[in-house]
Amino acid sequence: MAPKLVKTITVATCIAVGIGHIANTSALELGSLLKAIKPVSEKREIKIGRGIAANLLGAAAPVDDRELQIYVNRIGKWIALQTEKPHLPWHFAILDTESVNAFAMPGGYVFITRGLLLLMRDESELAGVLAHEISHVIKRHALKTMRKGEWAKLGGQALTSSSGQDFQQVLNVGTELFSRGLDKKDEFMADYLGATLAARAGYDPYGLLAVLQTLASVNPTDDAVALMFKTHPSPEERMDRLTDFLDDKLGKYAEQAVNAERFARIMQGHMKRQQPSG
Amino acid sequence: MNLCGHNTNMNANRLLLLAGLLLSVTTLVQAAQSGIMRDTADLRAAPYRDAKLISRVPKQTKVGIIRRRGGWLKVEVGDHGQGWVRLNQVRVGSNPEQKKSSFLGLSMLWRSMTTGRSSSTGLVATTGIRGISAEDLKGAKPDPAALASLDAFTTSGSDASHHAANGGLVPQKIKYSEHKYKKKKKKKKKKKKKKKKG
């Protein structure tokens, strides 16, 4: 009788909480779990993203080229329109640094470094990278990581707290996340989702694979790629998995647009404008 | 580091850069790309798995990259002639594995262009470059003005759609799909089957 009662209560608790896997958790742990799973509102997510973006821009400024920045925003927004969250305040930018990297912030801020842009060969490659970052935003991968493990102590509960001090903590943790990286599984997932979004947007989804091929060709000991290599699975492993996914799921979209000419025209204009005078 | 070699490269790059800016970056980027076979691989007559096999290209063979089509690269391989190999079988660049370059395509040109701005020696330093490191991120102070400046570049859905249409992009309805990577398992199974047959 007693075990049955316990079972009934546990089941009821699980139903009430809405998650099945915490059946053996003590009341105290349950309390903190409940706090931790309080959802972050979209308004809050955007505010957090803006704060982290401001921090990142303190490390590298946006490239001073309006035409290039608008081009990237047009492509990024077009891809974002193919997602379930077209309404987010999407902002895209190229950062003025030789580092090879790309960053996604909660709420719709996506940055690509010029170092990475200069390694690309056509618009489908740019679209692939933007779509990978957009996927991190859509799936809230950064917020998810901030809730997990040791991050939970630092930022998990502060995520939804109304105190200003807690908010600052969230921004610090969120910015530091770029030095630590997301869950590897989420990186693979963003490759698959990103390729899918690029195909939805009318691009050859193999563009992202072509970028990974280039990254796998870069000298991993170079300072320019150090942070990206540290925070992501190896480009070779990503390439093998993505090849498998693309051949299996998106092969028939391989003939879609790559827009090499439009990309080259924009890059040519950019390089002309940035060329040292004299 | 071979300084003379680098200087020669720099001069060549500068000429290429000028030519590139005058002509077309597309031609330049694609002409500048060479590659090395990552593994021994099949060279096929067309970009399909069941296309006619031209030959087997050994690992470490140097190839000229002509163009990409989906997951395939059209390459020029010395005596083997032209054909198609899988994209992931080729490493970009012509240096041996230990001396892989980080400056490929436009990046190489950009490097020669901007090095010219700050240095008269034309030397390429591969360390200590300006970039975002973990320390930079830790010490970064928020730049709200830079953040606000990004608002000027955002675009409306209709503008983005117009730009997409101009680029010949046709949206597709495709469902997200889960993917379980099991390439290694497949290989093992195949081996087992072969053993049984043998």
Side-chain angles (χ1 to χ4, degrees), chain A residues 53-55 57-62 69-70 73-74 77-78 81-82 91 93 97-99 101 118-119 121 175 178-179 192-193 196 199-202 204 206 209-210 213-214 217-219 222-225 227 239 241 243-246 249 254 257 259-262 264 267-268 271-272 275-276, chain B residues 21 24-26 29 68-71 86-88 90-93 100-102 104-107 109-110 113 116-117 126-134 136-138 140-144 146-147 149-150 153-155 157 159-161 163-164 167-172 174 176-177 179 181 183:
Chain A
N55 280 351
L57 291 169
Q69 300 289 13
I70 288 177
N73 271 278
R74 282 172 163 165
K77 177 80 171 204
W78 171 244
L81 291 179
Q82 318 303 321
H91 287 73
T97 163
E98 291 178 30
S99 283
N101 217 334
L118 288 170
L119 290 176
R121 286 157 291 208
T175 309
F178 294 128
S179 311
Y192 304 152
L193 294 179
T196 308
R200 279 188 189 176
D204 166 13
Y206 285 84
L209 186 69
Q213 183 227 7
T214 306
S217 307
V218 166
N219 193 332
D222 198 304
D223 283 358
V225 293
L227 186 64
M239 196 163 54
R241 285 173 186 250
T243 301
D244 203 49
F245 174 78
L246 286 164
K249 303 279 176 14
N259 288 357
E261 292 76 19
R262 182 157 79 176
M267 293 308 286
Q268 188 173 6
M271 291 177 87
K272 265 186 189 165
Q275 202 178 19
Chain B
L21 291 176
S24 147
V25 180
T26 321
V29 171
R68 177 177 73 83
R69 190 163 155 188
R86 289 313 305 254
L87 179 64
N88 58 348
V90 181
R91 171 162 70 76
V92 188
K100 284 201 283 193
S101 169
S102 300
L104 306 159
L106 287 179
S107 170
L109 298 175
W110 177 264
M113 198 172 102
R117 190 186 290 176
T126 51
T127 52
I129 63 157
R130 223 157 35 101
I132 306 174
S133 69
D136 294 331
L137 287 173
K138 213 167 190 180
K141 295 212 170 88
D143 189 340
L147 182 73
S149 78
L150 300 187
F153 309 133
T154 56
T155 186
D159 177 64
S161 302
H163 184 256
L169 301 173
V170 182
Q172 305 286 342
I174 308 167
Y176 291 132
S177 47
H179 185 61
Y181 182 66
K183 204 173 181 180

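Worth knowing before you read on, the calculation uses all heavy atoms, side chains too, and leaves out hydrogens, waters and symmetry mates. Below, chain A is the first sequence line, B the second, and so on; all start at residue 1.
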Problem set entry | Reported OG-to-OH distance for the pair B:Ser177 and A:Tyr192, which is rounded to 0.5 angstrom | 10.5 Å

Exercise. Got a salt bridge between A:Asp204 and B:Arg69, using NZ or NE/NH1/NH2 to carboxylate O under 4.0 Å?
Worked result: no

Seminar exercise, completed: So, the part of A:Arg262 with a heavy atom under 4.5 Å from chain B: the answer is side chain

Exercise. Which atom names give the shortest non-hydrogen contact between B:Val92 and A:Thr214, and what distance separates them?
Worked result: CG2-CA, 4.4 Å

Seminar exercise, completed: Heavy-atom nearest pair, A:Ala60 first then B:Ile132, reads CB-CD1, 3.7 Å

Seminar exercise, completed: Shortest non-hydrogen pair, B:Leu169 vs A:Ala257, comes out as CD2-CB, 3.5 Å

Problem set entry | chain A contact via B:Val170 - side chain, backbone, both or neither, heavy atoms under 4.5 Å | backbone

Seminar exercise, completed: Okay, A:Leu227 and chain B: the region with an atom under 4.5 Å from a heavy atom over there is side chain

Problem set entry | A:Leu81, part contacting chain B, at a heavy-atom distance under 4.5 Å | side chain

For this session: Might you point out which heavy atoms bring B:Ala146 and A:Pro62 nearest each other, and give the distance in Å?
Result: CB-CD, 4.0 Å

Exercise. When you measure from the centre of the six-membered ring of B:Phe153, is the NZ or CZ of A:Arg74 under 6.0 Å away and within 45° of the axis?
Worked result: no

Exercise. Which heavy atom in B:Tyr176 sits nearest to a heavy atom in A:Thr196, and how many Å separate them?
Worked result: CD2-CG2, 4.2 Å

Problem set entry | Where A:Ala199 and B:Gln172 come nearest, the two heavy atoms and their spacing | O-CG, 3.6 Å

Problem set entry | Choice from A:Ala210, A:Ala61, A:Ala53 maximising heavy atom contacts with chain B below 4.5 Å | A:Ala210

